Amino acid sequence: MSMDKTFDAASAEARISAEWDRINAFAAGANAKPGAETFSVLMPPPNVTGSLHIGHALDNTLPDILVRWHRMRGFDVLWQPGQDHAGIATQMVVERRMAERQEPGRREIGRDAFVEKVWQWKQESGDTIVNQLRRLGTSCDWSRNAFTMSGAPGAPEGQGGNFHDAVLRVFVDLYNKAIIYRGKRLVNWDPHFETAISDLEVENREVPGHMWHFKYPLAGGETYEYVERDADGNITLRETRDYISIATTRPETMLGDGAVAVHPDDARYAPIVGKLCEIPVGPKEHRRLIPIITDDYPDPDFGSGAVKITGAHDFNDYGVATRNNIPLYALMDTKGAMREDGLSYAESAAIASRAAQGEDVGDVSNVNLVPDHLRGLDRFEARTQVIADITGEGLAVTDAEGAPVVENKKIMQPFGDRSGVVIEPMLTNQWFVDTARIVGPALDAVRDGRTQILPDQHRKVYEHWLENIEPWTISRQLWWGHQIPVWYGLDLESRGFTDDEGDGALDEVELFALLSDGLVQRGDYHHAAASFDEVAERFRDDIAGLPQPLEIARVIEVADRDAAIEAFSRGLADYNLSQDPTKLVYPVWRDPDVLDTWFSSGLWPIGTLGWPDATAEMRKYFPTDVLVTGFDIIFFWVARMMMMQLEVVGDVPFHTVYVHGLVRDEKGAKMSKSKGNVIDPLTLVDEYGADALRFTLTSMAAMGRDPKLGPKHVEANRNFVTKIWNATRFAEMNGVRGGGDRPNPRHTVNRWIIGEVARATAATDEALQGFRFNEAASGLYAFVWGKVCDWYVEFAKPLFDSEHAEETRATMGWVLDQCYTLLHPIMPFVTEELWSLTGDRDSMLIHADWPEFGRDVIDEDADRQMNWVIQLIENIRSARAQMGVPAGARLDLIVTEADAPARAALAANAPLIERLARVNPPQEGKGGNGMLAVSAGGASFALPIGDVIDVAAETARLEKNAAKTSKDADGLRKRLDNPRFVENADFEVIEETRQKLADLDQDLARIHAALAQLKAM
RNA sequence: GGGCGGUUAGCUCAGCUGGUAGAGCGCUUCGUUUACACCGAAGAUGUCGGGGGUUCGAAUCCCUCACCGCCCA
């Protein structure tokens, strides 16, 4: 059998993958020694919509290295894979596809049909990313592949998992602890997807914008003395004004202003605080007045110092409004267009006026302050119109020439990270996690080291974020996701309804009162439970206290609140007619919203292990060991997993979080589709093989740095694959076979390389232990290429023709086995292939034993000797090359001087030196005319290159060497001459320095001797 | 504005707890000697961003400035 000249990655990868699958090589616990410690790792679940990008390749290569390494060491390993259902992203993809096929939209086909379509789509393309990950050699237990929507309604038959149960259970638990609550809050609203999103899903970007300046006239034409002063208190402007000047970047929100606020210390506006001013937009006859209030929020130095307060459309204003009891007037609908619903403008303005006078007007959600001509307009069209209206009326602040003041300036604007549209702060009912209540343990765990975040800089980021955590909006107005397990019921007892006679029975009058009292106006009850049956129980308990016969009303489920009112009314009417109490129903309806995807992925550690069931996996593999992920999801995912696992099961989800950088292109630019610099990992795999890509990513994974990846790097590492392939090919041609035990050879070369293997092993273990992936990779590269291929293989060539042939074959076979083993976690395919080609093995390499011998197998003498040999060969080669000796010429090697160790090294390794330095067997003699002078520790040599030696060139070469040596020696001498160095430095350092100096001095003496000889000629 | 990180060979980057610089790619010269030209041999290139400090000794620790990047307001 003879090997090809290169490794055929494409065909071998598929074959080897199939073989691993056949023996279930990746299964949890595979290759575990009896009673082994466990090592478990979670895959950061990629979006099920997604396809593999280079970040995934890194996310999975690094943990795969740790996993393979532990598996070979006999740990009981679980490498848990799975995918995330990715609410918005997936819904977006499916909707887009429906549109492309000109199918009816999701609202037309309805929720159930749409969700079914998403499941269908997931069935068709959900495996894409799994198959792509497999091509990288990711050795997860695919039989356990999890999905964050598993077990949810509509999930196809035959798919395991109960993620849905876990999610609902946690929701209900947190709801019952009141850690999850419902509230009407200002949230980030995505007008494209028409859903709330969390603040993490908002990207704030600086974009060119405008700042408009408008006059808000004082009510009743009042005037005041407006005075501006400079820093020293000198008056710079004094004028009589009948308005207050307001700057805004969003004029359309003026319609919803509830007040104008100034800083309490701002003397300019002190005269008008407490007065009313007019919003300069809207129909003249209903021009609204709003109060001028004080609050600490306005910055007197920014703009005019006066700020309009639109509590329902700005987060800062929201704070001011709630502090000062200013109504929150909503202006927009879910699409970001100006509202058309609610009361007429006239009615609305009237209510707002009463509010401005200080009257409590109650719930203002029905108040629509959008003037008729603006209703239905998109928010940006409305802006244009508002500006035109105000300017037309002469209420824009103008410059000296009378032109309206409009500043062009950069403004920070929020964008949806998925939709890319401008996010609108919106006042809506949403569900929140009161993160402040569960954040403590997550902070403590990192502070006390139960979970370690590497590198350290990310720990700080994590802590800072958690210390300033905001409530987490977890409801999403989407259809694809875990529907919130909350049902609402009508509030029949809190207000209005009374049992007049106190007889515990409901008479017709009371029934009528119940209906006419306006159920619509009332608040709702809600309960959370994992199913309708359970929640019905809760509602039955609630209504048990109602007068009869209502207390026996059947709890039924209806679509929504309107349906509930209708069903309830019909029930009452039927009862009224028939006096049959079974006609009475208590309808409840389920919250239509779904949970934020991250709520479910936050449960990834326990959800994938079968929780809430007390599974064997849960007992065995939780808490997990290492999580490898990107810094971009520390908040989204890592922090939330920490909080949720600690709250739900009282333990940290993992001991170590290794945060890797962002893979950039070779110029350091972020990869993005719009820039067109995205590198497809599979293209690289096709071209160079998975091993080369894995090795490249690994060698660039320096902690705390962003890897910069270009095809050149991958090519270089593909060459490395070829290198070890060919070293094996050479071995095979010389009858070397693997599979043997560690030999105990006699020849120095063989003893030396065994020590080098031990060094490489220890270095690899240390690097991986410390998550210094790049050091593991570069150390192995240097060892395999620099030591094994460059030197050992070359040394072995003459040995194969010597009495040491047999032990050299054994040693080389063993050394290569160690190379395959050590490289396997990083380059699994080529090493597995070589393993199978080179010996009869008990197991595949993936289940072979990781080397366990220590540095004690290093033979220091052999080490010294071989380093001397290498030095001599290099010096001879260098001298030859510099003097232009033809590469093929074989020179005599004359030993002019040698101490005992040098003599011994020479004697033991002469054939190697002869071959690699292209010299004849060494002989004693004297240097002389026409000879090159070369030295190595403790010995001097002369190499005759004929009578025609260029004395000048050789002198120059030696002088150059002398200068360098002498410079180095002087540096060391200066240090040693410094008494403070000798006093302060470590003993070892001083000794080492002395030794180095002695060596250099000796070298220098030899060079000078050679120079003297040259001159004598 | 606050925080974090970066600035080392022509390019892309290593350099862990201070002992005086390395790799890959590229470049120059030579080479097809019993694996490998996806190769081998030899070689050139660095006041380690500027300035200051601590130290016997600083790319490494501290301060400061400049520029670049990221995160959060």
Side-chain angles (χ1 to χ4, degrees), chain A residues 2-3 5-7 199-200 203-204 315-316 412 455-458 460-461 464-465 468 631-632 634-635 661-662 664-670 688-689 692 696 699-734 736 766-767 770-772 774-775 777-779 781-782 785-786 789-790 793-794 796-798 800-801 873-874 876-888 890 915-918 968 971-972 974-986 988-990 992-993 996:
Chain A
S2 77
M3 290 168 65
K5 274 183 130 181
T6 55
F7 173 57
D199 46 5
L200 288 177
E203 275 177 31
N204 288 295
F315 285 96
N316 289 312
M412 283 306 267
D456 199 52
Q457 71 230 38
H458 291 295
K460 292 183 207 158
V461 175
H464 182 259
W465 189 70
N468 298 287
F631 64 89
D632 47 338
I634 292 181
F635 307 140
L662 178 78
R664 295 167 179 279
D665 74 6
E666 50 197 330
K667 295 191 192 82
K670 221 167 166 170
Y688 301 109
T696 305
S699 65
M700 294 194 301
M703 236 192 267
R705 297 296 294 261
D706 288 341
K708 293 181 183 126
L709 180 70
K712 271 266 156 56
H713 299 121
V714 187
E715 187 186 340
N717 291 315
R718 188 274 321 267
N719 294 350
F720 179 51
V721 169
T722 308
K723 190 71 187 178
I724 186 170
W725 178 268
N726 275 291
T728 302
R729 185 161 169 261
F730 166 80
E732 197 235 4
M733 291 167 133
N734 285 279
V736 171
E766 274 168 44
F771 299 95
R772 291 190 296 273
N774 61 319
E775 285 183 21
S778 55
Y781 187 100
W785 197 317
C789 296
D790 282 349
V793 167
E794 293 303 325
K797 286 175 183 172
F800 282 141
D801 296 329
I873 293 169
E874 282 179 339
I876 295 174
R877 281 172 171 175
S878 179
R880 291 173 56 125
Q882 284 178 56
M883 294 308 291
V885 177
R890 191 170 280 279
R915 181 188 177 89
L916 297 186
R918 302 230 101 208
D968 289 351
L972 295 177
K974 208 174 124 196
R975 250 204 283 177
L976 284 163
D977 285 348
N978 184 337
R980 282 186 294 188
F981 172 71
V982 185
E983 279 164 33
N984 294 307
D986 287 347
E988 292 83 22
V989 174
I990 298 170
E992 203 185 302
T993 313
K996 263 194 240 167

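These numbers come from the heavy atoms of this one structure, side chains and all, not from hydrogens, waters or symmetry mates. This is a predicted model, so every value here is computed, not measured.
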Chemist: Rounded to whole angstroms, how far apart are CZ on A/Arg772 and P on B/A14?
Modeler: 15 Å
Chemist: In whole Å, I'd like the distance from the NZ atom of A/Lys460 to the C1' atom of B/G5.
Modeler: 10 Å
Chemist: Determine the Euclidean distance between corresponding C1' atoms of B/A9 and B/C27; express it in Å to zero decimal places.
Modeler: 12 Å
Chemist: Donor-acceptor pair, A/Ser878 side chain versus A/Glu874 backbone, under 3.5 Å?
Modeler: no
Chemist: To the nearest angstrom, how far is A/His464 atom NE2 from B/A73 atom P?
Modeler: 10 Å
Chemist: Please determine whether any donor N or O and acceptor N or O are separated by less than 3.5 Å between the side chain of A/Arg718 and the base of B/C38.
Modeler: yes
Chemist: Report the residue (A/Ser878 or A/Phe720) whose heavy-atom-nearest nucleotide on RNA chain B is the more 5′ of the two.
Modeler: A/Phe720
Chemist: Among B/C36, B/U34, B/A42, which nucleotide has an atom closest to any side-chain atom of A/Asp801?
Modeler: B/U34
Chemist: Which one is paired to B/C4, where only Watson-Crick or G-U wobble pairs with both distances under 3.5 angstrom count?
Modeler: B/G69
Chemist: Need the pair for B/C48. Rule: Watson-Crick or G-U wobble, both distances under 3.5 Å, any strand; none if unpaired.
Modeler: none
Chemist: Between B/U33, B/C56, B/C36, which nucleotide has the shortest distance from any of its atoms to the side chain of A/Asn978?
Modeler: B/C56
Chemist: Once you measure the plane-to-plane angle for A/Phe720 and A/Trp785, does it fall in the parallel (<30°), tilted (30-60°) or perpendicular (>60°) bin?
Modeler: parallel
Chemist: To the side chain of A/Gln882, which of B/C39, B/A42, B/C38 is closest?
Modeler: B/A42
Chemist: What distance, rounded to whole Å, do you find between the two P atoms, one in B/G22 and one in B/G69?
Modeler: 32 Å
Chemist: Measuring from the side chain of A/Lys712 (C-beta onward, heavy atoms only), which nucleotide among B/G26, B/G40, B/C36 has the closest atom?
Modeler: B/G26
Chemist: Please state the C1' separation for the pair B/C56 and B/C61 - nearest whole angstrom.
Modeler: 16 Å
Chemist: If the C1' atom of B/C48 is compared with that of B/G6, how far apart are they to the nearest Å?
Modeler: 14 Å
Chemist: May I ask you to verify whether the side chain of A/Arg890 and the base of B/U33 hold a donor-acceptor pair under 3.5 Å?
Modeler: no
Chemist: Mind checking whether A/His458 and A/Phe631 have parallel, tilted or perpendicular rings, split at 30° and 60°?
Modeler: parallel
Chemist: To the nearest angstrom, how far is A/Asn468 atom CG from B/C71 atom P?
Modeler: 18 Å
Chemist: Is the terminal nitrogen or CZ of A/Arg975 (NZ for Lys, CZ for Arg) located under 6.0 angstrom from the six-membered ring centre of A/Phe981 and within 45° of that ring's axis?
Modeler: yes
Chemist: Is A/Asn717 touching bases, backbone alone, or none of the nucleic acid, heavy atoms closer than 4.0 Å?
Modeler: nothing
Chemist: Counting only N and O atoms by type, is there a donor-acceptor contact under 3.5 Å from the side chain of A/Arg729 to the main-chain atoms of A/Met3?
Modeler: yes
Chemist: Determine: side-chain N/O of A/Lys996 to OP1/OP2 of B/G19, distance under 4.0 Å, yes or no.
Modeler: no
Chemist: If only side-chain N and O atoms of A/Lys797 are considered, is one of them under 4.0 Å from the OP1 or OP2 phosphate oxygen of B/G40?
Modeler: no
Chemist: What integer number of Å spans the P atoms of B/C4 and B/C62?
Modeler: 12 Å
Chemist: Using a heavy-atom cut-off of under 4.0 Å over every strand shown, decide if A/Glu794 touches base, sugar-phosphate, or nothing.
Modeler: base
Chemist: For the side chain of A/Glu874, starting at C-beta, report the closest nucleotide among B/A42, B/C38, B/U33.
Modeler: B/A42
Chemist: Does the ring of A/Tyr781 carry A/Lys723 above it, NZ/CZ under 6.0 angstrom from centre and within 45° of its axis?
Modeler: no
Chemist: Output yes when at least one side-chain N/O atom of A/Thr728 is less than 4.0 Å from OP1 or OP2 of B/A35, else no.
Modeler: no
Chemist: Want to settle it: does A/Thr993 or A/Thr6 sit nearer the 5' end of RNA chain B, counting the closest nucleotide to each?
Modeler: A/Thr993
Chemist: Mind checking who B/G22 pairs with, Watson-Crick or G-U wobble, both distances under 3.5 Å?
Modeler: B/C13
Chemist: Within less than 4.0 Å of OP1 or OP2 of B/C56, is there a side-chain N or O belonging to A/Asn984?
Modeler: yes
Chemist: Of the listed nucleotides (B/A35, B/C56, B/C38), which one gets closest to any side-chain atom of A/Phe981?
Modeler: B/C56
Chemist: Could you let me know what B/A41 is paired to, Watson-Crick or G-U wobble, both distances under 3.5 Å, or none if it's on its own?
Modeler: B/U29
Chemist: Does this structure show an ion pair linking A/Lys797 with A/Glu794, if we count only N-O contacts that are shorter than 4.0 Å?
Modeler: yes
Chemist: Rounded to the Å, how far apart are A/Arg980 CZ and B/C56 P?
Modeler: 6 Å
Chemist: Heavy atoms from C-beta onward define the side chain here; which of B/A42, B/G24, B/C38 lies closest to that of A/Ala716?
Modeler: B/G24
Chemist: Output yes when at least one side-chain N/O atom of A/Trp465 is less than 4.0 Å from OP1 or OP2 of B/G2, else no.
Modeler: no
Chemist: For B/C25 versus B/C70, give the span between their P atoms, rounded off to a whole number of Å.
Modeler: 30 Å
Chemist: Within the structure shown, what part of the strands sits under 4.0 Å from A/Tyr688 by heavy-atom distance: base, sugar-phosphate, or nothing?
Modeler: nothing
Chemist: Can you figure out which of B/G19, B/C36, B/U34 approaches the side chain of A/Ala985 most closely?
Modeler: B/G19
Chemist: Could you tell me the separation between the CD atom of A/Gln457 and the P atom of B/C4, rounded to a whole number of Å?
Modeler: 11 Å
Chemist: What's A/Arg880 touching, base or sugar-phosphate or nothing? Going by heavy atoms closer than 4.0 Å.
Modeler: nothing
Chemist: Is there a donor on the side chain of A/Arg975 or the base of B/U20 sitting less than 3.5 Å from an acceptor on the other?
Modeler: yes
Chemist: What contact category does A/Arg877 fall into here, base, sugar-phosphate, or nothing, at under 4.0 angstrom with non-hydrogen atoms?
Modeler: sugar-phosphate
Chemist: So, under a plain 3.5 Å distance rule, would you say the side chain of A/Lys5 forms a donor-acceptor pair with the base of B/C36?
Modeler: no
Chemist: Given the C1' atoms of B/G57 and B/G53, what is the spacing between them in whole Å?
Modeler: 15 Å
Chemist: Please answer whether the main-chain N or O of A/Arg918 pairs with a side-chain N or O of A/Arg880 as donor and acceptor at a distance below 3.5 Å.
Modeler: yes
Chemist: Using atom C1' of each nucleotide, how far apart are B/U32 and B/C38 to the nearest Å?
Modeler: 16 Å
Chemist: Once you round it to whole Å, what is the distance between C1' of B/C36 and CE of A/Met733?
Modeler: 10 Å
Chemist: Begin from the C-alpha positions of A/Phe7 and A/Ile724 and carry the test side-chain contact (heavy atoms from CB on, under 4.5 Å) through to its verdict.
Modeler: CA-CA 10 Å; A/Phe7 173 57; A/Ile724 186 170; over 6 Å; no
Chemist: Using whole Å, what does the distance between atom C1' of nucleotide B/C39 and atom CH2 of A/Trp725 come to?
Modeler: 17 Å
